[in-house]
Structure formats: structure tokens, C-alpha cells
Participant: 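Submitted below is the structure of interest, expressed as C-alpha cells.
The structure displayed is predicted, hence computed values, not measured ones. The chains referred to below are lettered A, B, ... by the order of the sequence lines, with proteins before strands, and numbering in each begins at 1.
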Amino acid sequence: MATHDAPGGPTSSALYDAATDAFRRWRTGDDPALDDLVRIMSPVLWHVVRATGLDREATEDVVQNTWLTLVRSADSVRDAQAITRWLCTAARREAWRVSKLGTRTRPVEDDVLDARLPAQTSPESEVVAGDESALLWQALSRLPGRCQKLLRIVAWEPRPDYSSVADSLEMPIGSIGPTRRRCLDKLRVELGGAT
Amino acid sequence: MTVSDEELLRAIADLYADIDPTPADLVDGALARLAVQDLETEFELFTLVQPVDIQVGTRLDAEPETSATVALEFAGSAYRVLVRVSDTDDGVRRLDGWVVPALPMRVFLGPPGDAPADTRQSAYADREGRFEFPAAMRGEVRLWLLPQGARGEDASAPPFVTPPFLV
């Protein structure tokens, strides 16, 4: 089941617009709009935080704390159109703080691999249903870990703030764009080779 | 066949949604945390301005005509709250409230004490300061009021809690 409802996917303008609109309504006194914003953005924050390498339990805490942070410091969001970026950056910052506490972080690719994808020959590998998903997963897992993380982030985060992504992946900000390009190219090569 | 970046990223997003799905209670957990956070705020205690024999509200058998509606008035440092509890035709207790002066509020109705936040009912006071619980929980309750207009308008209005009263 896809966890996002936006017709164009998580990075589509539909999701971005819905989040911006919900935030704007909330800030002008429509209190239930905050619930809408939580529903729209929590799945995005989930994948953004999981890409940092936190385990599932810690990620759930981080997502919840991110919402508390928003409520406490909503005044610092100057522009409603920056809300998705603000939330993702706050979530990454909180994830970084939690991971510095140690003990709760594992490399996400191993985590996912262990939990969800036993050996390819195992019958349980039907978690990835369908040939195309399986091929995509195999192609992705042949990419460097950094590529996997970056692609997961840019696949899920609407209009990401590259400086925040760069911090989280410990990469120079200027290299995010080119790395994104290279990772997608590598993925295409892997997909081509797999067919 | 060439796949666009957008199509490829969409497929990656779907793949991760499948292999690492968000927990079913992620959203509800976040909303519950926000509700609890609201109630962890320091509340100023209202005082009951208009003393009402709260037993009257429960003595429906003895005084059905006069006890059906109970009016209470609470006052804090920044505003007053009027509460009216009445019976509806179908035997449900209804609670109407007015905040004076009118302020947008989030209002919780729940048992006193440390009951879990999700046992509380919640409502919003509109721009006229009116709020309602069409089917209020019965028994000993109190109201928590959280000013919502704080965003740039009236950050000084403190949150309030009423003393316990009977519905």
C-alpha cells in the first residue's frame, strides 16, 4: 500500500500545495488544519528520517518530536511555502541529535535489507511484490549507500533544502545536485543491466 | 525505453513505502502527543464566580423542571468563561460555553486527575468565543482552555483550567 495520497507522489506539487495550504489555514486560526498537516507530512518525515539511518522506533519518536517543535516555534516559519522544507530540516536535525546519543542508529540499508528482504532465494522475498519492484530494489541495493540514502530523500522530500541534506549526508552542499544526477544515472545502468 | 527522473523517483518512493512502511499509528501517535503537549502547559486555575450548588445538576428526579439547566461562571486573570449544561430531548447532556472576551480557544472536557489525554473530549471556540460539547461526558469534569489566537495576536492570554464540576 502506498502511504501517500497525493496523486503525483510525495514530491509532487499536489502534496506540497496541500501542506502549504494546511499550514496557512492553521496559522490563520483554523486549528483542525494542523491535523491535516500532520496527516499529509508525517509519511514524508518518516522516510526522510529513516534515510538518516535511525531505526523505526527512534524514527517514530523523531517524527512526533518534530511536530512538537513546530507547535512550539511556529512563529519561526516566516513563509507558509517553506513549511515542508522547515519540517524536513527540523526532522533531520532532531534525527542527528538522537543519533549522536548513540545506540539507536543502524545503517538504513542494512536495516531494511535485514528486516524486509531476506536472501533473494528465500520465499519471504515476496515482500517486494512484482518483477519491476524487485528489479528496482536489486538495482538500488547495488548502488553505494550514500546514493541509496540520497535517492530515498529526493524521492520523498518535496523541494528539499540541499544544505540540510548535505549536512545530514556529510557531503559538500555543491555536490548534492551532481551526486543526485550520478546516482540516477547509475541506477539506470543497473536497471538496464538487470533486464 | 527511457524513464524520466520523475518516474524513477516516484518508483523509488513507492518501493520504500512498500518495504519500509510508515507505522499504522504514526499519525495518530503524533496527534496524541500534540494533544498531551497542550495539556502539559501550565494552567491558571479559574475561580467559580457564580456559586452554583453542583448537586442541583444531578438531582433530576427531585427537581426535573429547575435542575435540567445549570449555569456556571468562571473567571481568570484575562477572561471569563460561562458554561451552561442542559439536557437535550434525547436525554444527552449538552454543554455550551462562551469565552468573554471572545478568543479562539481549543477546549478540552475531561475528568479531573491524571486520566489519559485521549479520554478528554475536545472542541474549538469560534471567533465569537462560543464552544459546545453536544454530548458532554457525565460525571465530575473540568474544562481546559488553550488560547489559540496566540500566533501574533494575543500571546499574553494564559491557558486556564476550571475547578471540577458536575455534568
Side-chain angles (χ1 to χ4, degrees), chain A residues 1-4 8-12 26-32 34-35 38-39 42-43 45-47 50-51 56-57 59-61 63-68 70-72 74-75 108 111-113 115-117 127-129 132-133 136-137 140 148 151-152 154-156 180-181 184 187-188 191, chain B residues 1-41 102-108 117 122-129 131 145-155 159:
Chain A
M1 185 192 78
T3 55
H4 47 86
T11 58
S12 71
W26 177 54
R27 295 292 284 162
T28 51
D30 176 10
D31 292 299
L34 177 61
D35 296 7
V38 171
R39 288 195 181 87
S42 287
L45 298 178
W46 170 264
H47 289 281
R50 285 285 284 155
R56 289 177 62 87
E57 192 187 345
T59 299
E60 204 163 352
D61 285 345
V63 172
Q64 291 182 1
N65 285 335
T66 303
W67 290 116
L68 294 182
L70 174 67
V71 168
R72 286 170 190 153
D75 284 338
V108 72
D111 186 6
V112 172
L113 213 57
R116 301 277 161 184
L117 265 195
V127 169
V128 175
E132 284 186 13
S133 294
L136 177 59
W137 175 254
L140 262 177
Q148 296 179 30
L151 289 182
R152 183 174 189 174
V154 295
W156 268 96
R180 175 186 187 274
R181 171 88 268 129
L184 282 170
L187 184 62
R188 281 202 181 81
L191 281 169
Chain B
M1 187 185 72
T2 314
V3 183
S4 72
D5 283 3
E6 287 67 33
E7 289 168 322
L8 203 46
L9 289 170
R10 178 71 198 270
I12 293 170
D14 286 343
L15 178 70
Y16 277 111
D18 286 338
I19 64 174
D20 187 24
T22 57
D25 61 351
L26 182 72
V27 167
D28 287 342
L31 293 175
R33 278 283 294 278
L34 287 173
V36 171
Q37 144 77 15
D38 281 346
L39 297 174
E40 283 170 351
T41 314
L103 285 172
M105 297 262 181
R106 181 141 195 208
V107 186
F108 293 90
S122 109
Y124 290 95
D126 62 20
R127 292 182 186 284
E128 281 76 48
F131 61 90
L145 293 100
L146 288 156
Q148 304 283 307
R151 292 157 210 143
E153 296 168 24
D154 191 358

Participant: Examine whether an atom of A:L187 lies under 4.5 Å from a heavy atom of chain B, and if so say whether it belongs to the side chain, the backbone or both; otherwise answer neither.
Facilitator: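 For A:L187, the contact with chain B is made by the side chain alone.
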Participant: Roughly how far apart are A:E60 CD and B:T22 OG1, rounded to 0.5 Å?
Facilitator: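 Spacing of CD (A:E60) from OG1 (B:T22) equals 9.0 Å.
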Participant: A:T11 vs B:E6, test: side chain to side chain contact (heavy atoms under 4.5 Å, CB included). Steps then yes/no.
Facilitator: CA-CA 9 Å; A:T11 58; B:E6 287 67 33; over 6 Å; no
Participant: Evaluate the side-chain proximity of A:R56 to B:P21: yes if any heavy-atom separation is below 4.5 Å, no if none is.
Facilitator: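 Yes; the side chains approach each other to less than 4.5 Å.
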Participant: Output the distance between atom CG (B:D5) and atom CG (A:L184), rounded to the nearest 0.5 Å.
Facilitator: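 That separation rounds to 5.0 Å.
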Participant: What are the two closest heavy atoms between A:P43 and B:L26, and how far apart are they?
Facilitator: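 Smallest interatomic distance, heavy atoms only, reads N-CD2, 4.4 Å.
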Participant: Please round to the nearest 0.5 Å and tell me the distance separating atom OG of A:S133 and atom CG of B:D14.
Facilitator: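 Here the rounded value is 8.0 Å.
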Participant: For A:L140, is it the side chain, the backbone, both, or neither that has a heavy atom closer than 4.5 Å to a heavy atom of chain B?
Facilitator: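 The answer is the side chain of A:L140.
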Participant: Mind checking whether A:L191 and B:L8 have side chains closer than 4.5 Å, heavy atoms only?
Facilitator: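 Yes. Closest side-chain heavy atoms under 4.5 Å.
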Participant: So which atom in A:V38 and which in B:L34 form the shortest heavy-atom distance, rounded to 0.1 Å?
Facilitator: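 For A:V38 versus B:L34, the nearest heavy atoms are CG2-CD1, 3.9 Å.
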Participant: With side chains defined as the heavy atoms from C-beta onward, is the minimum distance between A:R180 and B:L9 less than 4.5 Å?
Facilitator: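 In contact.
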Participant: Checking B:D28 against chain A: side chain, backbone, both or neither under 4.5 Å from a heavy atom?
Facilitator: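 Neither the backbone nor the side chain of B:D28 comes within 4.5 Å of chain A.
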Participant: Under 4.0 Å between a side-chain nitrogen and a carboxylate oxygen: does that hold for A:R50 and B:D20?
Facilitator: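 A salt bridge links A:R50 with B:D20.
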Participant: Restricting to non-hydrogen atoms, name the atom on A:A155 and the atom on B:A13 that form the minimum distance, rounded to 0.1 Å.
Facilitator: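 Scanning both residues completely, I find the closest heavy atoms to be O-CB, 3.6 Å.
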Participant: Nearest 0.5 angstrom please: A:T66 OG1 to B:R33 CZ, how far?
Facilitator: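 If I round to the nearest 0.5 Å, the distance is 10.0 Å.
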Participant: Non-hydrogen atoms of chain B under 4.5 Å away: do they reach the side chain of A:V63, the backbone, both or neither?
Facilitator: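 It is the side chain, since no backbone atom gets that close.
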Participant: For the atom pair NE2 (A:H47) and OH (B:Y16), what is the distance rounded to the nearest 0.5 Å?
Facilitator: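 OH of B:Y16 is found 10.0 Å from NE2 of A:H47.
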Participant: Supply the atom-to-atom distance A:R152 CZ to B:L15 CG, rounded to the nearest 0.5 angstrom.
Facilitator: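 Reported value, rounded in 0.5 Å steps: 9.0 Å.
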